[in-house]
Amino acid sequence: MTPEMRTKVLISRSGDYFGIMRTTMYVFLGIGAAVHFGPDVYSAPLFVLTVAVTVYGILAGGVALDDIIALRDDMDDETAATTYGATVRARNIPMLKMISATLLGLVGLAEVLVILI
């Protein structure tokens, strides 16, 4: 893979990750609004939607970040020797993946608890 192709794929996967997170947060916002302003009754579809969005955000976001990690690890020596390469290698993307998954899981859990109670 050429450095130009790697850069294009990296930009694409980064955009995918941010799109996944944006979509997940907007759906969580919509679910939260539905729970807050809707009738105070249990809703199975809302419950399932919350679980599905949580799982989607965690899995799809994790896959995008795994691809970004793989692209970073495949960086050629010439790029790795630059300031950009050193900065990219210094980023703790696995920690971002863990924090992202944890926060999405907590938001999903909070919304599920509100739906159930």
Side-chain angles (χ1 to χ4, degrees):
M1 181 182 296
T2 65
E4 293 81 19
M5 176 62 100
R6 186 178 300 107
T7 300
K8 286 181 182 181
V9 173
L10 179 61
I11 290 169
S12 173
R13 292 307 284 157
S14 296
D16 292 344
Y17 173 73
F18 293 120
I20 290 163
M21 291 299 108
R22 181 177 47 248
T23 300
T24 303
M25 288 301 158
Y26 282 145
V27 175
F28 278 150
L29 179 65
I31 293 169
V35 169
H36 182 73
F37 295 114
D40 196 20
V41 296
Y42 169 76
S43 171
L46 208 54
F47 175 82
V48 172
L49 178 63
T50 303
V51 171
V53 168
T54 303
V55 170
Y56 163 75
I58 292 171
L59 294 179
V63 168
L65 289 175
D66 285 341
D67 290 348
I68 292 169
I69 292 168
L71 288 165
R72 179 188 66 181
D73 292 343
D74 282 345
M75 189 183 315
D76 61 339
D77 294 334
E78 184 179 326
T79 305
T82 65
T83 303
Y84 169 76
T87 303
V88 168
R89 288 193 185 263
R91 291 191 180 121
N92 194 348
I93 300 172
M95 182 64 76
L96 172 62
K97 181 180 174 184
M98 185 193 69
I99 291 170
S100 176
T102 302
L103 291 176
L104 288 178
L106 288 173
V107 171
L109 179 63
E111 289 197 357
V112 162
L113 291 175
V114 168
I115 292 168
L116 291 176
I117 295 176

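A quick note: this is a predicted structure, and the numbers were derived from the prediction, not measured.
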Test item: T82 side-chain N/O and T79 main-chain N/O as donor-acceptor pair under 3.5 Å: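 Yes, T82 side chain to T79 backbone: donor-acceptor pair under 3.5 Å.
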Has R13 got a side-chain atom pairing as donor or acceptor with L71's backbone, closer than 3.5 angstrom?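 Absent.
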Is there a path of hydrophobic side-chain contacts, each under 4.5 Å between heavy atoms of I, L, V, M, F, W or Y residues, that connects [X] with [Y]?
X: V88; Y: L10; answer: yes
X: M25; Y: V27; answer: yes
X: I31; Y: Y26; answer: no

Which donor-acceptor pairs under 3.5 Å do side chains of residues 36-60 form with protein atoms, sequence neighbours excluded?
unit_1, atom_1, unit_2, atom_2, d
S43, OG, L46, N, 3.3
T50, OG1, L46, O, 2.8
T54, OG1, T50, O, 2.7

Distance check, rounded to the nearest 0.5 Å: [X] atom [atom1] versus [Y] atom [atom2]?
X: D67; Y: I93; atom1: CG; atom2: CD1; result: 11.0 Å
X: E78; Y: D76; atom1: CD; atom2: CG; result: 6.0 Å
X: I69; Y: N92; atom1: CD1; atom2: CG; result: 8.5 Å

Enumerate, atom names and distances included, each donor-acceptor pair closer than 3.5 Å involving a side-chain atom of residues 94-117, sequence neighbours excluded.
unit_1, atom_1, unit_2, atom_2, d
K97, NZ, D66, OD1, 2.8
K97, NZ, D66, OD2, 3.1
S100, OG, Y17, OH, 3.1
T102, OG1, M98, O, 2.8

Might you point out which heavy atoms bring R89 and D73 nearest each other, and give the distance in Å?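 Distance-wise, the nearest heavy atoms are NH2-O, 4.2 Å.
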Atom of R91, atom of R72 and distance for their closest heavy-atom approach: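 Where R91 meets R72 most closely, the heavy atoms are O-NH1, 2.6 Å.
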Which residues satisfy the side chain to side chain contact (heavy atoms under 4.5 Å, CB included) test with T83, sequence neighbours excluded?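 Side chain to side chain contact (heavy atoms under 4.5 Å, CB included) list for T83, sorted by chain: T87.
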